[in-house]
Structures are given as structure tokens and as C-alpha cells.
Amino acid sequence: MSVYIQSVSQISAQLPLSEAWFEAPVYHEANRVATLDPDFTASLSPVQSRRMCRLLKRVIVTARTTLKSAGVDMPDAIISGTGLGCIDNTEKFLHSILKNGEQYLQPTYFMQSTHNIISSLIAIDLKCHGYNNTWVHRGVSFEHALLDALLQFRQRRIRTALTGGYDEMTDCYYLFLGRLGHWNFSRMPALSPKQRCFAGEVAVSLLLSDECSRHSLCEINGVELLFRPSAADMRRALDTLLAQAGCTLTDIDAVMTGMNNHPQNDPVYEAAAAGLFAGRPLAQYKHLFGQSFTSSALGIYASAVCLRNGHIPAHLMTDREERLDPVRRILLYNHFNNTSHSLTLLSRC
């Protein structure tokens, strides 16, 4: 059955709750960029704001904005993906244990440090008693949440689903991932903005529905997830995805990739572009939104906006300097450490 993205909102390194990046993107020079947060007092009362960490504020604001844009009061399901959850609260709780000798601990940090607090808090805020789940699978957490939602639709258990990807980045975890070689942010003057990247944060909420309306951004044709696939496995997965959508590779107008200028990341995409997606134009998004465990949610978001507008702007194109027009189908390809891979096909309504 068909599933459509009815509305979407984001808080990221671009202007929050806005699509200004489509025509006038904000470029960043720093190796790590926090989200450009909106004025939370416009959406949250002082009491609510005091009880929430910054990530949870972003979660609630994007969820409310997405539902309001779609004209939906209560979704049938709330499904989230996160790589780190509320890692800032986790660190504060652990630091408090060390500092106070395991005494005088603040329960709020503990209660809001678990990963599933994200979907749970949205449900509490909306008073929603429907299906509620949070997926934690590092770099493909959002794809698991999206696949979960599609399975719920396929079994006709739901008709609407609020799905999102949420992550924050702390000082400690930025250093920790840096020691593991997770970052490679070169600032050579010769690099163009498209070749740069940064450690970012993400809060993206999408409302999915089984009905197409004049407000729908695009249709989700399917999602394929693979673990340590061979070239043949990737080919079979792509063929299956295209067959289900009733199209061929030549019908794909562009492939949106997660290129971030990392020597262990980009060669995987380059090899796929030369073999699996040969001849298809390439696009990217992490130079605008940054690298995080659920940055692929921003890839979905950017692709959906491009499909609604009917073209991909030049600043998102990888292999050309002009915009791609017209655009009716976009294939998103994401991988994490070349072990977990995902293919997501979107088409214009």
C-alpha cells in the first residue's frame, strides 16, 4: 500500500522550522555545529521548558509543528529513531554520581536519559495511547523507525504515523568519537562548501499517512535494509525496490547520498555510484546539515522538499553545478561503517 509524507519540520544547522535552506543555505566553517534553535518560549510554557533538556524541546516543537501543518491532532503511532538519545542527560547523571559519591542524585536526569523517552514524551504531550516505539541502531536508526512505520501501514494497523530522527552532540561524545576516527573535517582553503562537513545535531519529524492529498510532499515507495551485503545483495535489493515501485533505474532522477568527505565513508558511495547507480546524477546534504547518527532523516527531509518543488537546487548536487530539473523520483542511499546499508525510494505525488 502507498504511504505519503504529509508534512515535515526540522531543527538543524539550517534555519529552524523553515525551508529557507532550499534557496539560501547557511554554510558553516566550524568542525562542530549545534542546531539553530527557535524561540522555545513561543511553544513551551516556562514549566514545560524547565523540565526538558534541549533535545526534548526540539522533539516536542517539531512534532507539534508537523502535526499542525498536516491538520492532524492525534497520530495513530509515534515511532522515533535515535543513535544517542538524550546523551547530555546521561552524562550529567553520571557526572553527578562521581561528584556526589552516589548521593543526592537528581532523578530527572536519570528519567530523561533513556532512549525511549523521546517517543514517550511525544505521546505524553499529545495524550496519545497508540503504537509507540523508539529504534536505536546507530547510523541506521531512522531507517529502522521508517521501516517499522511502513510495516504497520502494510498490516493496516494504522493510518497515520509521526516518525522522526533525533540526536544531539555533547563535548564528551564529540571527543570520544573523534578518538575513534569518526570525524575527518578538513578545512583546507581549496575545499568548496560541498566538500566540507561538520558534526551536527538533528531533530526531524515527519507525518506519514496512507492518503495522498494536495499537501503531500511525496510518496515513500519502499525501504530496504541490509547488513554486510555483497555487491550481488545490493543489486537484488535495488531491483526488488524498483520492481515494487514499478520503475527501472533509468526512472531514478537522482541518488541522494551521505557523502561527508571522510576517507572511509565516501569511497563506498563512489563505488556504488560507479556500479550500482551508474549514470544516475548524485546529490548530497551533509555539507548543509552535518553528520550525526540520524542525519539520514535530514536526507529524507531534503529529498521530500526537492520532490515537492520539482527540482534539486545546485548546492545539493554533487556531480554538477546547475540544478536538476525536473525531478520525480529520488533514491536515498545510506551506509554506516560499510556494514549497515539502506535504500529508500521516494517519488513525487
Side-chain angles (χ1 to χ4, degrees), residues 11-13 27-37 53-56 58 81-100 102 109-110 112-115 117-118 134-144 165-191 193-204 227-228 257-271 284-299 334-342:
I11 297 177
S12 66
Y27 293 105
H28 299 277
E29 294 289 339
N31 290 346
R32 175 185 165 199
V33 179
T35 60
L36 304 180
D37 290 323
C53 65
R54 191 164 293 275
L55 177 63
L56 293 180
R58 299 168 189 159
T82 180
L84 297 175
C86 297
I87 189 66
D88 187 43
N89 278 350
T90 303
E91 290 184 2
K92 287 179 179 178
F93 181 71
L94 294 175
H95 286 313
S96 179
I97 290 177
L98 293 173
K99 182 179 179 179
N100 300 315
E102 302 183 12
Y109 289 147
F110 175 75
Q112 293 187 358
S113 66
T114 57
H115 292 74
I117 186 63
I118 294 176
T134 300
W135 289 87
V136 187
H137 283 279
R138 295 195 289 179
V140 289
S141 299
F142 174 73
E143 285 88 338
H144 278 83
Y166 312 96
D167 267 308
E168 60 184 348
M169 183 58 61
T170 63
D171 294 337
C172 291
Y173 220 87
Y174 176 76
L175 294 174
F176 172 70
L177 290 176
R179 292 172 181 172
L180 295 177
H182 197 73
W183 316 122
N184 181 57
F185 303 136
S186 174
R187 286 294 176 262
M188 295 174 61
L191 293 180
K194 291 182 182 181
Q195 295 174 306
R196 298 171 184 166
C197 194
F198 53 88
E201 300 178 308
V202 53
V204 176
F227 182 73
R228 298 188 185 279
T257 70
M259 289 187 176
N260 63 2
N261 199 36
H262 195 290
Q264 296 177 353
N265 178 73
D266 289 5
V268 179
Y269 293 113
E270 293 167 357
Q284 62 188 73
Y285 59 93
K286 289 185 179 178
H287 63 297
L288 297 185
F289 298 101
Q291 172 71 46
S292 64
F293 283 108
T294 48
S295 53
S296 55
L298 289 163
N334 178 46
H335 81 86
F336 178 70
N337 289 346
N338 200 19
T339 54
S340 298
H341 297 247
S342 69

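All of these numbers come straight from a predicted model, not from anything done at the bench.
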Trp183 (side chain) donor-acceptor with Tyr174 (main chain) under 3.5 angstrom: yes
In short, Gly85 meets Ile118 closest at the heavy-atom pair CA-CD1, 4.3 Å
Would you check if the side chain of Asn260 reaches a backbone N or O of His262 as a donor-acceptor pair within less than 3.5 Å? yes
Exercise: identify the closest heavy-atom pair between Asn265 and Gly258: ND2-O, 3.1 Å
Residues passing the ring pair (Phe, Tyr, Trp, His ring centres under 6.0 Å) test with His182, sequence neighbours excluded, are Phe293
Taking only residues two or more places apart in sequence or in another chain, which ones pass side chain to side chain donor-acceptor pair (under 3.5 Å) with Asp37? Thr35, Arg54, Arg58
To the nearest 0.5 Å, what is the distance between CG (Leu177) and CG (Leu84)? 7.0 Å
Okay, side chain of Gln291, backbone of Cys197: is any donor-acceptor separation there less than 3.5 Å? no
For His137, give me all partners under side-chain contact (heavy atoms from CB on, under 4.5 Å), at least two apart in sequence or on another chain. Trp135, Val140, Ser141, His144
Got a sec, which residues hit side chain to side chain donor-acceptor pair (under 3.5 Å) with Glu91, two or more places apart in sequence or on another chain? Thr170
Pairwise distance NZ(Lys92) to NZ(Lys99) - rounded to 0.5 angstrom: 12.5 Å
Name all residues meeting the ring pair (Phe, Tyr, Trp, His ring centres under 6.0 Å) criterion together with Phe142; count only those two or more places apart in sequence or in a different chain, and write none if there are none. none
Who passes ring pair (Phe, Tyr, Trp, His ring centres under 6.0 Å) against Phe176, sequence neighbours left out? Tyr173
Can you sort out the partners of Asp266 under salt bridge (Lys or Arg N to Asp or Glu O under 4.0 Å), two or more places apart, ordered by chain and number? none
Derivation of the side-chain contact (heavy atoms from CB on, under 4.5 Å) call for Lys286 and Ser295: CA-CA 8 Å; Lys286 289 185 179 178; Ser295 53; 3.3 Å; yes
Distance in Å, His287 NE2 paired with His28 NE2, rounded so as to fall on 0.5 Å steps: 11.0 Å
Under 3.5 Å, side chain of Asp167 to main-chain N/O of Val202, donor-acceptor pair present? no
Nearest-0.5 Å distance that lies between atom CD1 in Ile11 and atom CG in Leu36: 10.0 Å
Do side-chain atoms of Thr339 reach the backbone of Phe336 as a donor and acceptor pair under 3.5 angstrom? yes
Using atom types as modelled and distance alone, determine if a side-chain donor or acceptor of Ser296 lies under 3.5 Å from a backbone N or O of Gly299. no
By side-chain contact (heavy atoms from CB on, under 4.5 Å) - contacts of Ser342 (at least two apart): Glu143, Leu225, Asn334
Contacts of Thr90 that satisfy side chain to side chain donor-acceptor pair (under 3.5 Å) - sequence neighbours left out: none
Side-chain (Ser96) to main-chain (Phe93) donor-acceptor, under 3.5 angstrom: no
Within the distance-only criterion (no hydrogens, no angle test), does the side chain of Glu201 pair as donor or acceptor with the backbone N or O of Ala34 below 3.5 angstrom? no
To the nearest 0.5 Å, how far apart are OG1 in Thr294 and CZ in Arg138? 14.0 Å
Contacts of Glu168 that satisfy salt bridge (Lys or Arg N to Asp or Glu O under 4.0 Å) - sequence neighbours left out: none
Verify, without hydrogens or angle tests, whether Asn184 (side chain) and Gln264 (backbone) share a donor-acceptor contact under 3.5 angstrom. no
Enter the distance from Asn89:CG to Leu94:CG here, rounded to the nearest 0.5 Å. 11.0 Å
Just jot down the ring pair (Phe, Tyr, Trp, His ring centres under 6.0 Å) partners of Tyr269, sequence neighbours excluded, or say none. Tyr333, His335
Who are the side chain to side chain donor-acceptor pair (under 3.5 Å) partners of Thr134, not counting sequence neighbours? Ser119
Going through the checks in order, is the side-chain contact (heavy atoms from CB on, under 4.5 Å) test met by Ser12 and Val204? CA-CA 8 Å; Ser12 66; Val204 176; over 6 Å; no
